[in-house]
Amino acid sequence: VTTHDLRRTFISHLILGLGLDPVRVAKIAGHSNVSVTLNTYAEEFDKALHRDDLFARIDEAGFGAL
């Protein structure tokens, strides 16, 4: 495990786990431009968008209700 691996894991958690927007993640990561963040972590942001849609569909279908 390298420091780069830890950094990537942390930033991925900001995106997927906390659902932070690209501008906020770019500031936390210290990127000079939000495009650097978007180019580097585009797949993670895409996963986050699909995750939210999936959870919304599950909720609408009533699968989360007990």
Exercise. Taking 4.0 angstrom as the limit, do E60 and R57 come out as a salt bridge?
Worked result: no
Side-chain donor-acceptor pairs of residues 20-30 under 3.5 Å, sequence neighbours excluded:
from	atom 1	to	atom 2	distance (Å)
D21	OD2	V23	N	3.2
D21	OD2	R24	N	3.1

Exercise. Roughly how far apart are L49 CG and L54 CG, rounded to 0.5 Å?
Worked result: 12.5 Å
Exercise. Do F10 and L6 share a hydrophobic cluster, counting only Ile, Leu, Val, Met, Phe, Trp and Tyr and linking them when any side-chain heavy atoms are less than 4.5 Å apart?
Worked result: no
Tell me which donor-acceptor pairs under 3.5 Å the side chains of residues 33-40 have, and how far apart each pair is, sequence neighbours excluded?
from	atom 1	to	atom 2	distance (Å)
N33	OD1	S35	N	2.9
N33	OD1	S35	OG	3.2
T37	OG1	H31	ND1	2.5
N39	ND2	S35	O	3.1
T40	OG1	V36	O	2.7

Exercise. About how many Å separate CG of D46 and CD of E43, when rounded to the nearest 0.5 Å?
Worked result: 7.5 Å
Exercise. Side chains of R7 and I11: closer than 4.5 Å at any heavy-atom pair?
Worked result: yes
Exercise. Any sub-3.5 Å donor-acceptor pair from D5's side-chain atoms to T2's backbone N or O?
Worked result: yes
Exercise. Roughly how far apart are E44 CD and L14 CG, rounded to 0.5 Å?
Worked result: 11.0 Å
